[in-house]
A.B. asks: 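Please see the structure below; I have some questions.
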Amino acid sequence: MNLRQDIYQLVRQIPPGSVATYGQIAHLLGLPNHARQVGYALYQVALDSDIPWHRVINAQGKISTAPQRHGTDEQQRWRLEAEGIEFDPQGRIDLKRFGWRPLGEKHGG
DNA sequence: AACCTGACGACGC
DNA sequence: GGCGTCGCCAGGT
């Protein structure tokens with residue numbers, strides 16, 4: 001069992017119209033400090049992959065960037081907007097509204 | 001095995 | 001809430 005295997009498996013659980021953070025993915029796997037590994041794994045994912053890599057962002061609700069990632073930050077944003085996800089004037093996403101809730105948790109009281 | 005790098009995250013100011 | 005610094009683990013050389 002490879003770490004990426006778990007990561008990909010979980011990322012594919014993210015429904016369209018919702019986004020998850022690297023930390024969340026890792027956290028759900030029981031690896032809260034493997035947040036980086038999550039992004040590192042997605043880094044190897046291809047654009048035509050069955051994995052919704054575009055539904056994964058950082059805890060700041062922003063799209064990260066890489067020197068040699070597959071596609072561009074615009075590519076990711078384009079896909080997210082196509083799913084109904086809204087962006088702030090600062091290019092951020094409200095995780096409180098579009099944040100993935102696999103547990104169906106409530107947003108507090 | 002050690003060092004450096006890397007789609008990140010939490011804490012302090 | 002934004003910016004800067006340290007920590008975390010895995011991969012490549």
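A, B, ... follow the sequence lines: proteins, then strands. Residue 1 opens every chain. Only heavy atoms go into these numbers, but all of them, side chains included; no hydrogens, no water, no symmetry mates. Model, not experiment: these values are computed from the prediction.
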A.B. asks: Please go through A:Ile85's hydrophobic cluster and name the other residues, only I, L, V, M, F, W, Y counting, with side-chain heavy atoms under 4.5 Å joining them.
C.D. replies: A:Val19, A:Ile57, A:Ile63, A:Leu80, A:Phe87, A:Ile93, A:Leu95, A:Phe98
A.B. asks: Sugar-phosphate means primed atoms, P, OP1 and OP2; the rest is base. With that split, encode nucleotides 7-13 of chain B 5' to 3' as B, S or - using protein heavy atoms under 4.0 Å.
C.D. replies: BBS----
A.B. asks: B:dG12 and C:dC8: how far apart are their P atoms, nearest whole angstrom?
C.D. replies: 15 Å
A.B. asks: Could you measure the distance from the OG1 atom of A:Thr65 to the CD atom of A:Gln76? Nearest 0.5 Å is fine.
C.D. replies: 10.5 Å
A.B. asks: Have a look at A:Arg92 and say if it touches a base, only the backbone sugar-phosphate, or nothing, with a 4.0 Å heavy-atom cut-off.
C.D. replies: sugar-phosphate
A.B. asks: Where do A:Ser64 and A:Asp73 come nearest, in terms of heavy atoms and distance?
C.D. replies: O-CB, 4.4 Å
A.B. asks: Share the residues that join A:Trp78 in a hydrophobic cluster, the rule being Ile, Leu, Val, Met, Phe, Trp or Tyr side chains under 4.5 Å apart at the heavy-atom level.
C.D. replies: none
A.B. asks: Got a second to check how far A:Gln24's CD is from A:Thr21's OG1, nearest 0.5 Å?
C.D. replies: 5.0 Å
A.B. asks: Mind jotting down which residue pairs meet the side-chain hydrogen bond (donor to acceptor under 3.5 Å, both in side chains) criterion with at least one end in residues 51-62 of chain A? Sequence neighbours excluded, please.
C.D. replies: A:His54-A:Glu83, A:Arg55-A:Glu83
A.B. asks: How would you list, by chain and number, every residue that makes a side-chain hydrogen bond (donor to acceptor under 3.5 Å, both in side chains) with A:Arg79, sequence neighbours excluded?
C.D. replies: none
A.B. asks: As a check on the pairing definition, encode DNA chain C in dot-bracket form, counting Watson-Crick and G-U wobble pairs whose two distances are under 3.5 Å, and using | for partners outside this strand.
C.D. replies: .||||||.|||||
A.B. asks: With sequence neighbours excluded, tell me which residues meet salt bridge (Lys or Arg N to Asp or Glu O under 4.0 Å) with A:Arg77.
C.D. replies: A:Glu81
A.B. asks: Which two nucleotides bound the region of DNA chain C that has atoms under 4.0 Å from heavy atoms of chain A, read 5' to 3'?
C.D. replies: C:dG2 to C:dG11
A.B. asks: Side chains of residues 26-49 of chain A: which donor-acceptor partners sit under 3.5 Å, not counting sequence neighbours?
C.D. replies:
unit_1	atom_1	unit_2	atom_2	d
A:Tyr43	OH	A:Gln68	O	3.2
A:Ser49	OG	A:Ile51	N	3.4

A.B. asks: What residues form a salt bridge (Lys or Arg N to Asp or Glu O under 4.0 Å) with A:Glu74, not counting sequence neighbours?
C.D. replies: none
